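Everything below concerns the one structure shown next.
Here the structure is a predicted model, which is why all the values come from computation and not from measurement. Just the heavy atoms: all of them, side chains too, but no hydrogens, waters or symmetry mates, feed the values below. Quick note on labels: first sequence line is chain A, next is B, and so on, each numbered from 1.
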Amino acid sequence: MKRLSLPTLKYLLVVLSFSFLFSCGGGSSDTPNTSAPQPPSPPPSGGTTPPATPDITMQDIDIIRFLTQSTFGVRPADYQALRAQINADGSNQLQVYENWIDAQIALPQSSMLEFTDLSVELLLEDNNSEFKERRDAFWTAAVFSRDQLRQRMAFALSQILVVSETSATIRKAYRGTADYWDMLGRNAFGHYNQALLDTSIHPIMGIWLSHIKNRKANPELGFFPDENYAREIMQLFSFGLVHRERNGTIKLDENNAPIATYDNNVIQQMARVFTGLSYSAQVRSGQEVTNTNFDLNDGAGNNFQYRWIHPMRFFPQHHDFGEKTLFSVDETAEPIVIPSATENTQAAAMAELVQVIDAIVAHRTTAPYIARQLIQRFVTSNPSANYIERVATAFGETGDLTATIKAILLDPEAREPNVLASSSFGKAKDPILHITALLRLLNAHSNVALGEQGLDWPIATSFEEEASWLRLPDLAIGQQALGAPSVFNFFSPDFSPSGELAVNSLVAPELQLMSESQLYSTMNAIHSILSNRLLRGRIEANLPFSREQLNVSLDTDVIENLWSQTEGSSNAKATAVVDYFDLFLNAGQLKRTDNNLTREALITEIAAAATPQERASLAIYGTMTAPEFFIQR
Amino acid sequence: MKNQDTGSRRRFLKQSCKFAALSYASSLGLFSLASSRVTAAGIDNNYKALVYVFLAGGNDSFNMVAPKGHGSLRTRYEQGRRNIALPSDSLHALQLQSPAQITGNENYSEFGMHPNCGDLARLFNQKELAVVCNVGNLFEPTSRAQYLSDEVRLPPQLFSHSDQQRQFQSEPSRQFRFGWGGRLAELVHGQNADGNVSPLISTSGQNAFQTSMEGVISPYVLKRSGLTRLNGFNGRRKAMVEQIMASGSEHHMAAKIRQTFSSAQIAEDIVGNAFSIADNNGVDYDELFAPVAESNIGQQLKIVAKMIAGKSAANNNRPVYFVKMGGFDNHRNLLADHASLMAELNAALTSFRNALVAQGDFDCTLTTIGSEFGRTFTPNGNDADAGTDHAWGGNALVMGGMVDGGRFYGQYPDLKLGESLDTDRRRGRWIPTTSTSQYCAVIAHWFGVAPPQLNTIFPSLDNFPDPLSASANLQFIKGDNV
C-alpha cells in the first residue's frame, strides 16, 4: 500500500470528496455488485432540498461497506486505494477484496503486549493503573494499526472467547490480558482449534473461569473438580446447548423438541479434563524458572506480571488420568471416550487436552454455532441459513479462520446490493466501532508520534506512518474491549428488542446495550469528543509529555475545505459536508434512501451554523447521533 | 406544551402504542412540580410496588440461610460443606414464628443467617422478612427417582446460567417470550392507565424479567447513578437532533433507536420530577444509604427508593422494578467472596428498608430477592479458596410490611448427599421442592392478578398444587393484604 504523508492525505480528502460528488467513478459492470444505482426519489418540498448531484455508484458503496465490515472504520485513503485497483486492472471486484484480505493476513501483527510494555516503561513507577496503558494500546491499534482485519478478528474472537477486566485480578494482570489479546490475534487467521487450545491454557482464562489450580476429585475429602470451564467451553466457546444442522437450524427430536448436546454427567466428565493446570513460571532468586508449586498464588502486582504471559502447564499429580466419557459429535454418534492414560505425565495430560479440544471443534454443531456469531460480528445480525451453511463449511472440522473470514466477507449475501433496501439486513454497530469509525475518518491524533518524530518505538512499523499515541479517557459508550460484564459478552447473540424486531423474529444483539440512559450517555460521549476533552484526566508526573502534546484531537479541516470549495449556496455547501460523512460513516445510505427529513435536518442546521467550529460540531454530532449511523448495512 | 391539567396529560401506554409516530414536539416537555401535585390524585391508597432483586451467577444460599446448633441437619451441613461450612456460632440466630418444614418431615428449628447478615436476621426476627426455601425452576414436581430415570419433564438446560436466569425471570415450561414482571405489568395495566412513564423500571439494563408479551410496554432503564441528562443539548444541535429523531425509519434497528430516544426524552422530566419530590420529602437518602454509598446494588436501591417516594410524578399505581447484583458465580474463593457479597446485600437491603419505612412505603413495597440457582453443597477443592458449582434449588427472601415474616416457607432440604433431593451421587444439587412459578405466583396475586389468570403468566402452575392453598406452605403475604 502506498504510504501517504499527512499533507498529501488532507489534499486527497478534498479531491476525493469531489470525485464522488461530481463523477460516477467509472464503475465497471463486470461484478454482481454493480446493479443500477437507485436514483433518489423526488424531494417532497423545495425549500431546503439540495441541488441534485450525480449519484455515487453501487460499486463505491460496496467498497465502503466492505471496509466498514473489515476494519475499524473507513479512511478515504483506503477506499481510494481499493477504488484505484478496481479501476486500474479492471479485475473482478471480489478478487480485489480477496487480495486485500490476503495482504492483511500477510501483515505483521501489531502487538498489544509490546505496546503496553513500551508505554508502561515511560511511566517509570508503579502507579497501579498500568491497565489503562493496555486499554490505550487497544485504541491506538484500532485507529492506526495496519493489520486492521487481524485486530477486528481479535475483537470478534474476544466477544466469543470472553475474558474481562471486570475481574480485578485480570485488570491488574495487564500483561497477561494484553497477551491474551495478542493470542487471539495470532490465531485470527489460523485454526479455531488452536485458538481454543491456547485459550484453554492461558492463565487469564484460567483465572477467569477458575480452572487454574483445579484438582482431581477426592471423594474422601469430599471435593470434586470445578465445573466452570468444562461447561462454558461447550456452551459458549464451541457447540452450544443443542444440536444444529450445518445451516444453524436447531435439530428436533420426534417430539419436536431440541436435542441437548450434553447433560450434567458430561460436564462432570469434562471437568476432569481440566484438572491439574497451574502457572508454568515462577521467579526464584531473581531467575524465572519452571514453577513447581501447584498452589502458587494469583499475584498480579508488577512483580508477578510474568506469571500471566506463559501458558499454564499440567501438574500430573493433580490431573485425573482416568477414562472419560464425553459428548457425541452429533445426535446419532456414540459418545467420545478418552481412554485412561498409559503413563501419568505432563505430556500425556497435554495430549489428552489436544484430543478433547480437537473433538470439541470438530463437533458438527461448532461450525454453524461459531460461524453465525462471526457473521454477526462482521456483517449482519440475521444471516440466512444458507449464508451460515457456507461459512460453516469454510470453517470445517478444525475451524479454518482464513477460509471463514473470506467466506464471511466475500459471500454473495454480504455483497448483495439489494440487501440495502431491506429493513433488517445489517447490524447495529458495536459501540466501539461506531466511535473508531469517526476517529479514523477524522484522523484522531495526539502530537506524540509513535515513529521517529516522537516516541521512535520499534513497533511503529506495524502502524500507519502518521500514527500517534492515543491516551483516551474511558468513554461511557457501553462497551470496552476486554471489559464485558460476564462470560456472556456484552450482549446475547439472540437478543431481540421488543417491538418490530421481536415481532419479526429478528435479533439485534448490540441493541441489548441501547437503553435510554445508554443512548444519552453515548450522545454525551460524542459531546465530550467534540469538547476537546479527549484525554485521560491524569497525566503521570513522569511522562515526558505535556497535556497539550498528549491531547487527542480530530482533523476538522476537511469539513471546512468541503465547505469553502463547494460552489453555491450554504445549502449546497452543507450538502457536500453531509454527503461526505454519509458516504464514509454510513455507506451513502442517507442519500441513497433519500431519507429527506434526516438529511434535511442535517443540511439545514449545518448551513445555518454561525462559525466553522459550529459547522464541524453539528456535522459530527448530527451524523454520529443519527439512528441510521448506528446501523451498519 | 399544555399539561397543566390531567385531561391533556399524555399517557404512557397510549404513547407507547404509537412510538414510531411520536415526535419530540408531542413529548411532555417540562413537567413542573406544581403540575405533578395535580396528578398526585392519580395515586390511590392501594398503591403497590414490586422490587425484584436478582442475584446473578447463582447465590450459594445454603450459606446465606444455614442450620445452626448440633442436630442432624447441622451434622449433614458440616459433612457436606467441609471446608466451606460456616461455624455454627458465627451464624445470626433466627427465631422462627412457626416450625420450618423439612423434607422428609424431619424436625429442625435452629437456623441462622450468614455472619455478615446480622441486619437481615434482625428484620427476620422483627417479622419483616421471610425465607422461601429450596425454590428453583421446575416443569412439574420432580423426585430424585424420576430425575435419574428420565421420567419427568425438566426445565431445559438445567445448571446453565443464561437459560436458568431467563427461566427464573419468566417460566421454564415453554420457550421464552416474556418475563413475568413484564407480563404482570400488562395484566395490571388498568392500575397504571394514567402513568406518565413506563411502569417497568430497571436500574440494571435490559432483562428478561421485564420483557412484556405484547411488546407495547418496554422497560425504562435508569443508570444507578440516577438520571442521565444530555450535555450541551441546545440551540441548533437540539433542533437538528430532534428533527432527525422525529423522522421515519426505513430500518427496524434505526426505528428502535428512535423509539429509545423518544422514551428517554419523555422519561427524563418525569423521572427528574420523581427525584425532586424525593429530595424534598424530608428523608435523608444520602445518610440512609451511606453504608452502601460505593455499592452498586446500594446505589440501585437508593434510586428505586426515591422513584417510589416520587410516585406521584410517574403516576403508576403498580410499578415493577428490576435490580441486579452480580458476582455470585463463586467457583473459587467462596468463603471470602460470598462473605463480602453477603455484607453488601445485607447493608443495601437494610438501607432500602429504612428508607422505605422513613418515607412511609414499606407496607406497600414488596421486595423479593432470588437467584437463578443454588450451588453444589460440596466444594470443588479442599484449599482455602475452594468454591462451589452450579446447582438447582436455593433459598429466596421476601421483605415488606405485607410479608408474614419470621417464617420459613416451602421446605428446607434435608441436606442428604446422594439420596433424597440430590440429583448427584455426592455433590448436593438439591431438586427444588417449590417451583419458582409457585412462589412468584403468590407475589403476582398480591400485586393484583386474579387466581384464574395466574397460569397465563406461569403456564406450568397447573402442574403443581395451588400456591395459594395452605398445603403449598407459601402464604407469606398477610391475610389482609391480598
Side-chain angles (χ1 to χ4, degrees), chain A residues 210 215 218-219 221-228 231 235 241 260 264 295 423-424 428 485-486 488 492 497-504 506 508 511-512 514-521 523-524 527 531 593 595 597-598 601-602 605 608-609 614 617-618 621-622 625-628 630-631 633, chain B residues 19 79-80 82 156-163 205-206 211-212 215 218 220-223 228-232 236-237 239-241 243-261 263-264 267 326 331-332 378-383 386-387 389-390 423 426-427:
Chain A
S210 62
R215 291 159 191 268
N218 186 330
L221 289 176
F223 70 84
F224 305 90
D226 186 322
E227 299 167 5
N228 199 14
R231 178 182 306 280
Q235 178 175 340
L241 296 163
N264 214 57
D295 294 314
S423 57
S424 60
S486 78
F488 291 89
S492 158
S498 62
E500 282 300 297
L501 288 155
V503 165
N504 289 294
L506 297 166
L511 290 186
Q512 194 171 348
M514 190 50 82
S515 64
E516 290 86 352
S517 52
Q518 183 56 58
L519 177 58
Y520 270 25
S521 294
M523 292 169 78
N524 285 340
H527 173 71
S531 310
T593 59
N595 187 334
L597 287 174
T598 295
L602 289 163
E605 300 303 331
E614 192 188 13
S617 170
L618 287 169
Y621 191 91
T625 60
E628 281 69 24
F630 281 96
I631 311 299
R633 298 171 81 168
Chain B
F19 256 136
Q79 284 172 346
R82 308 256 180 164
Q157 310 305 341
L158 282 170
F159 321 122
S160 146
H161 286 298
S162 48
D163 297 81
Q206 312 278 2
T211 305
S212 58
S218 298
Y220 175 74
V221 177
L222 271 165
K223 284 201 169 163
T228 310
R229 291 191 189 274
L230 286 175
N231 300 330
R236 272 189 272 272
R237 174 187 287 185
M240 173 180 68
V241 171
Q243 196 186 330
I244 290 170
M245 292 297 181
S247 306
S249 301
E250 183 188 60
H251 198 283
H252 291 317
M253 295 178 196
K256 184 68 191 176
I257 291 167
R258 286 198 162 86
Q259 180 186 326
T260 305
F261 182 79
S263 163
H331 288 277
R332 287 188 106 206
T378 58
N380 59 23
N382 65 339
D383 45 343
D389 295 317
H390 304 181
T423 63
R426 48 204 180 179
R427 290 233 59 187

Heavy-atom closest pair, residues [X] and [Y]:
| X | Y | answer |
| --- | --- | --- |
| B:Pro379 | A:Gly222 | CD-O, 3.5 Å |
| B:Val221 | A:Ser515 | CB-CB, 3.3 Å |
| A:His527 | B:Gly232 | CE1-CA, 3.7 Å |
| A:Thr598 | B:Arg258 | OG1-NH2, 3.1 Å |
| B:Met245 | A:Pro627 | SD-CG, 3.7 Å |
| B:Arg332 | A:Asp226 | CG-OD2, 4.4 Å |

Inter-residue atom distance [X].[atom1] - [Y].[atom2], 0.5 Å rounding:
| X | Y | atom1 | atom2 | answer |
| --- | --- | --- | --- | --- |
| A:Met514 | B:Met253 | CE | CE | 12.0 Å |
| A:Asn218 | B:Asn382 | CG | CG | 6.5 Å |
| B:His252 | A:Ser424 | NE2 | OG | 5.5 Å |
| B:Arg427 | A:Phe223 | CZ | CZ | 10.5 Å |
| A:Glu628 | B:Ser247 | CD | OG | 7.5 Å |
| A:Phe224 | B:Arg426 | CZ | CZ | 4.5 Å |

Side-chain ([X]) to main-chain ([Y]) donor-acceptor, under 3.5 angstrom:
| X | Y | result |
| --- | --- | --- |
| A:Asn228 | B:His331 | no |
| A:Asn524 | B:Asn231 | yes |
| B:Arg236 | A:Ala608 | yes |
| A:Arg231 | B:Phe159 | yes |

Measure [X] against the heavy atoms of chain A and call it side chain, backbone, both or neither at under 4.5 Å.
| X | result |
| --- | --- |
| B:Leu222 | backbone |
| B:Lys223 | both |
| B:Ser160 | both |

By a 4.5 Å heavy-atom criterion (distance strictly below it), what part of [X] contacts chain B: side chain, backbone, both, or neither?
| X | value |
| --- | --- |
| A:Leu618 | both |
| A:Ala502 | neither |
| A:Glu227 | both |
| A:Ile631 | side chain |

Flag the one option from [options] with the top tally of heavy-atom pairs under 4.5 Å to chain A.
| options | value |
| --- | --- |
| B:Ile244, B:Ile257, B:Asp389 | B:Asp389 |
| B:Gly205, B:Ser162, B:Ala239, B:Ala267 | B:Ser162 |
| B:Gly215, B:Ala386, B:Ala254 | B:Ala254 |
| B:Leu230, B:Thr378, B:Thr423 | B:Leu230 |

Checking B:Thr228 against A:Ser517 for the side-chain hydrogen bond (donor to acceptor under 3.5 Å, both in side chains) test, could you report, in this order, the C-alpha distance in whole Å, the side-chain angles of both residues, the deciding distance, and whether it holds? CA-CA 6 Å; B:Thr228 310; A:Ser517 52; 4.8 Å; no
Dump the intermediate steps for side-chain hydrogen bond (donor to acceptor under 3.5 Å, both in side chains) on A:Thr625 and B:Arg237, then the final yes or no. CA-CA 11 Å; A:Thr625 60; B:Arg237 174 187 287 185; over 6 Å; no
Under a 4.5 Å cutoff for heavy-atom pairs, which residue among A:Leu501, A:Leu519, A:Leu506, A:Leu241 has the most contacts with chain B?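 Ranked by heavy-atom pairs under 4.5 Å with chain B, first place is A:Leu241.
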What is the ring orientation for B:His161 with A:Phe488, classed by angle as parallel under 30°, tilted 30 to 60°, or perpendicular over 60°?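 Geometry flag for A:Phe488 against B:His161: perpendicular rings.
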With a 4.5 Å heavy-atom cut-off, do B:Glu250 and A:Arg633 have their side chains touching?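 Sidechains of A:Arg633 and B:Glu250: in contact.
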